[in-house]
Amino acid sequence: MSDPFLPYGRQSLDEADIAAVVEVLHSDFLTQGPAVPRFEKAVAGWCGARHGIALANGTATLHCAAKALGLGHGDRLWTSPITFVASANAGRYCGAKIDFVDIDPATALMCPERLEAKLVQAEKDGTLPKIVVPVHFAGQSCDMPRLHALGQKYGFKILEDAAHALGGEFLGERIGNAKWSDAVSHSFHPVKIITSGEGGMITTNDDELAWRIATLRTHGITREPDRMQGESHGPWYYQQLELGFNYRLTDLQAALGASQMGKLEAFARRRRELADLYDRELAGLPLRPLARDPRGISGWHLYMIVLDLDAIRPRTRRQVFESLRAQGLGVNVHYIPVHLQPDYARLGFESGMFPEAERYYEACITLPLFPAMTDADVTRVRAALEQALAA
Ligand SMILES: *Cc1c(COP(=O)(O)O)cnc(C)c1O
């Protein structure tokens, strides 16, 4: 008898989540109703940020926040090459040029020393970025006070990509509080920490930025007379102030998200336990987990291993990966460096430009991690790894 397939990530829904969605179906509002502000308050309140603005997905949050932060044609956005393509694509939607800062191989986070060196050079060349997007990869926070200090010195805005990190902390405070940045982007795709089906949110402490993102979410339209040019024509009147989008979240999704928020603490705790168990179970194998910054607690969206390619020779990462898949484990690879995508090669990027990211990509494997996993599942992953690595 073979064990069931174990995916790398999966949502955890219960009857209360389902009831919350059904309740919306029985109500007057399927969209633009009360569930959206309720969800916004729940996430912003958890994070300790003044505003939460819910959008259709995480990608939309990055796009709207970048635009609201003033990113436009000819401007520059820098991010990590080890991220989902959306972190970089958001800048391209605004007409900006994209560049990357190589990672610290220990953590796979954007390397602050490399960022600083690149800023020094960019200042000389007149190519400083308008926005830097640090990605809290796998759930671990970047060194935000340090990035904030660089932002002050070199005049860039900071848009945190926290799609992996809800439920995590840094320096004793919750990721998403936007204390060291202009805005924080969250995603509620089903593989992430909590889900609304599709969905995303910006958390920020900047009142004007929050208003602008909320306006961009609905076509750039306002119904507030104070914000209009000239006089309102009457109660029906609205004005489009700039070119926005329809990036709204539905009330069905928001109700699911708000219900899931009630379980965030338990989800985060279980993810942490499983990650600790993985660390213990995998000790002694020819691989390493990503280094943990003792100043923070990861949100643990992903549990990554980096194979010691020299030690496992003649086995390759691909063989290990295929063996794990054949043993019913939905392992994955996060991420293919963004600059190696054909659509980025077209912009002039090529292999060799971000060598640490490329080396990391050659050796990494994402193991299954989600709150409903049992301790026995972790033991099973260890046994499968041992088999995959056996000469
Ligand atoms: C998932 C993800 C996004 C995009 O979120 P969607 O909700 O899928 O649009 C952005 N950045 C990172 C790092 C992600 O993992």
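Throughout, residue positions are numbered sequentially from 1 according to the sequence presented. Order of listing sets the numbers, starting from 1, for every ligand and every atom in it. Below, all heavy atoms of this structure are taken into account, side chains as well, without hydrogens, waters or symmetry copies.
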| said: Centroid separation under 6.0 Å, is that true for the rings of Y93 and H63? | reply: yes

| request: List the steps, then state whether side-chain hydrogen bond (donor to acceptor under 3.5 Å, both in side chains) holds for Y237 with Q239. | output: CA-CA 7 Å; Y237 193 58; Q239 283 186 344; 3.2 Å; yes

| Sub-3.5 Å N/O-N/O distance, D161 and ligand 1 | yes

| request: Would you tell me whether E160 and H136 have side-chain atoms, one donor and one acceptor, within less than 3.5 Å of each other? | output: yes

| request: Check the pair W211, E224 against side-chain hydrogen bond (donor to acceptor under 3.5 Å, both in side chains), reporting the backbone distance first and the verdict last. | output: CA-CA 11 Å; W211 179 82; E224 297 170 44; 3.0 Å; yes

| message | Under a 4.0 angstrom heavy-atom cut-off, which atoms of ligand 1 come close to T59? | response | 4 (C), 5 (O), 6 (P), 9 (O)

| said: Angle between ring planes, Y335 versus H164, binned at 30° and 60°: parallel, tilted or perpendicular? | reply: parallel

| message | Considering both backbone and side-chain atoms of G58, is one of its nitrogen or oxygen atoms within less than 3.5 Å of a nitrogen or oxygen in ligand 1? | response | yes

| request: Hey, can you tell me if F354 and F100 have their rings parallel, tilted or perpendicular (30° and 60° cut-offs)? | output: perpendicular

| said: Can you report which non-hydrogen protein atom sits closest to atom 8 (O) of ligand 1, along with the distance? | reply: S187 OG, 4.0 Å

| request: May I ask you to identify the nearest protein heavy atom to atom 1 (C) of ligand 1, giving residue, atom name and distance to one decimal place in Å? | output: K192 NZ, 1.5 Å

| field | Ligand-side contact atoms (ligand 1) for residue partner Y335, heavy atom cut-off under 4.0 Å | value | 15 (O)

| remark: A student checking ligand 1 against S87 at a 4.0 Å heavy-atom cut-off should list atoms 11 (N)

| note | Among E198, H189, H164, H334, closest by heavy atom to atom 15 (O) of ligand 1 is H164

| Under 30°, 30 to 60°, or over 60°: which ring-plane class applies to Y360 and F137, parallel, tilted or perpendicular? | perpendicular

| field | H301 and ligand 1 - part of the residue with a heavy-atom distance under 4.0 Å | value | neither

| Considering only heavy atoms of T83, which atoms of ligand 1 have at least one such atom less than 4.0 Å away? | 13 (C)

